Amino acid sequence: SAAANRKDDDDDDELPKVYDDAQIARYWSRRPEKVVKRSARLMMEVLVWATALVGDVASNAVEKNAPIRAKALKELIARQGAAFVKVGQAVAIRPDLLPPAYLEEFQTLLDQVEAFPSEDARRLIQKTIG
């Protein structure tokens, strides 16, 4: 019905609060300029970071500048939002994937998790496992 279609259109005006891949796809398909703009901004930031890293390789300063590059990459990740931070957190505990300077810096992403009351945690666990 027309009312249902208007409801669907209204739903696409706001990014869904729960995971619904079709609704999320509709939301972003109506905003191609935002997708392009965000992607371009991310690619530019990655390119700037990678260019600095290539400069370090060329000047044999990779190890010396690792703390600087690690901090820059962590900040780049943090600016991208929660999904990127989750990936950063996942690799922060993998010494087989990252050099020490990057591990140390990325582990600060783990420290940024907001604390919440123990009682809330207990309720959530109880609700989850019954």
Side-chain angles (χ1 to χ4, degrees):
S1 77
N5 286 341
R6 265 195 312 280
K7 170 84 172 97
D8 287 345
D9 288 347
D10 290 344
D11 289 347
D12 291 341
D13 288 341
E14 198 173 297
L15 189 59
K17 303 285 190 263
V18 295
Y19 183 78
D20 178 336
D21 60 339
Q23 195 174 6
I24 292 168
R26 276 194 310 275
Y27 175 87
W28 288 114
S29 71
R30 291 180 173 199
R31 294 160 179 82
E33 70 286 346
K34 286 189 177 195
V35 173
V36 169
K37 196 173 183 180
R38 177 167 163 75
S39 298
R41 188 172 36 242
L42 173 58
M43 293 308 296
M44 182 58 71
E45 288 190 57
V46 169
L47 183 60
V48 167
W49 178 84
T51 300
L53 183 61
V54 168
D56 291 346
V57 170
S59 63
N60 202 26
V62 172
E63 219 169 296
K64 175 183 156 224
N65 290 337
I68 295 166
R69 300 296 165 243
K71 183 174 180 140
L73 185 58
K74 187 232 11 188
E75 290 171 353
L76 187 158
I77 288 169
R79 283 192 301 275
Q80 303 315 309
F84 282 76
V85 169
K86 288 290 182 196
V87 173
Q89 290 172 334
V91 298
I93 58 172
R94 296 288 309 270
D96 57 322
L97 297 178
L98 294 175
Y102 287 80
L103 281 173
E104 186 176 320
E105 194 62 47
F106 280 33
Q107 285 171 0
T108 65
L109 293 170
L110 299 170
D111 299 338
Q112 293 175 357
V113 176
E114 290 184 31
F116 58 94
S118 296
E119 187 53 41
D120 290 352
R122 286 186 197 95
R123 267 196 305 276
L124 180 60
I125 292 168
Q126 187 63 36
K127 181 180 174 184
T128 303
I129 62 175

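For clarity, every value in this text was computed on a predicted model and none was experimentally measured.
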Student: Is Val54 reachable from Val62 through a run of hydrophobic residues whose side-chain heavy atoms are each under 4.5 Å from the next?
Tutor: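 Cluster IDs for Val62 and Val54 differ.
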Student: Output the distance between atom CD (Glu105) and atom CD (Glu75), rounded to the nearest 0.5 Å.
Tutor: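 Nearest 0.5 Å value for the CD-CD distance: 7.0 Å.
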Student: Would you check if the side chain of Ser29 reaches a backbone N or O of Arg26 as a donor-acceptor pair within less than 3.5 Å?
Tutor: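 A pair under 3.5 Å: yes.
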Student: Quick check: does any side chain N or O of Arg31 sit under 3.5 Å from a backbone N or O of Tyr27, one acting as donor and the other as acceptor?
Tutor: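 Pair found, side chain donor or acceptor close to backbone of Tyr27.
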Student: Kindly work out whether a path of hydrophobic side-chain contacts (I/L/V/M/F/W/Y, heavy atoms less than 4.5 Å apart) joins Leu103 to Leu97.
Tutor: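 Same cluster.
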Student: Nearest 0.5 angstrom please: Leu76 CG to Phe84 CZ, how far?
Tutor: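 Interatomic distance, Leu76 CG to Phe84 CZ, rounded to 0.5 Å: 8.5 Å.
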Student: Roughly how far, to the nearest 0.5 Å, is CD1 of Ile93 from CD of Gln107?
Tutor: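 Here the rounded value is 9.0 Å.
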Student: How close do Ala72 and Trp49 get, counting heavy atoms only, and between which atoms?
Tutor: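 Closest heavy-atom pair between Ala72 and Trp49: CB-CD1, 3.9 Å.
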Student: Do you know which two heavy atoms are closest between Ala92 and Leu110, and how far apart they sit?
Tutor: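 Minimum heavy-atom separation between Ala92 and Leu110: CB-CD1, 4.1 Å.
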Student: Locate the shortest heavy-atom distance separating Ala101 from Pro67; write the atom from each residue and the value.
Tutor: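 Smallest heavy-atom distance, with atoms named: CB-N, 3.9 Å.
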Student: Please check if atom CD in Glu104 has more than 12 non-hydrogen atoms from other residues, nucleotides or ligands closer than 6.0 Å.
Tutor: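 It does not: Glu104 CD has 12 such atoms or fewer within range.
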Student: Say whether Val46 and Val48 are linked into one hydrophobic cluster, either directly or through other cluster members, by side-chain heavy-atom distances under 4.5 angstrom.
Tutor: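 No; tracing contacts between hydrophobic side chains, which count when under 4.5 Å, never links both residues.
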Student: Search all heavy atoms of Ala90 against all heavy atoms of Arg94 and return the closest pair with its distance.
Tutor: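 Minimum heavy-atom separation between Ala90 and Arg94: O-CG, 3.5 Å.
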Student: What are the two closest heavy atoms between Pro16 and Ile24, and how far apart are they?
Tutor: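 Looking at all heavy atoms of both residues, the closest pair is CG-CG1, 3.7 Å.
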Student: Output the distance between atom CD1 (Ile68) and atom CG (Leu53), rounded to the nearest 0.5 Å.
Tutor: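 The distance works out to 12.0 Å.
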Student: Can you find a pair of side-chain heavy atoms, one from Arg41 and one from Met44, that are under 4.5 Å apart?
Tutor: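 No; the side chains remain at least 4.5 Å from each other.
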Student: For residues Gln80 and Glu45, report the shortest heavy-atom separation together with the two atoms involved.
Tutor: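 Looking at all heavy atoms of both residues, the shortest contact is NE2-OE2, 3.6 Å.
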Student: Could you measure the distance from the CZ atom of Arg69 to the CD atom of Glu63? Nearest 0.5 Å is fine.
Tutor: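 It is 14.0 Å, given to the nearest 0.5 Å.
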Student: Test your reading of the model: is there a side-chain donor-acceptor pair from Arg79 to the backbone of Leu42, 3.5 Å cut-off?
Tutor: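 Checked: no pair found.
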Student: Could you tell me if the side chain of Leu15 sits less than 4.5 Å from the side chain of Trp28, heavy atoms only?
Tutor: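 They are in side-chain contact.
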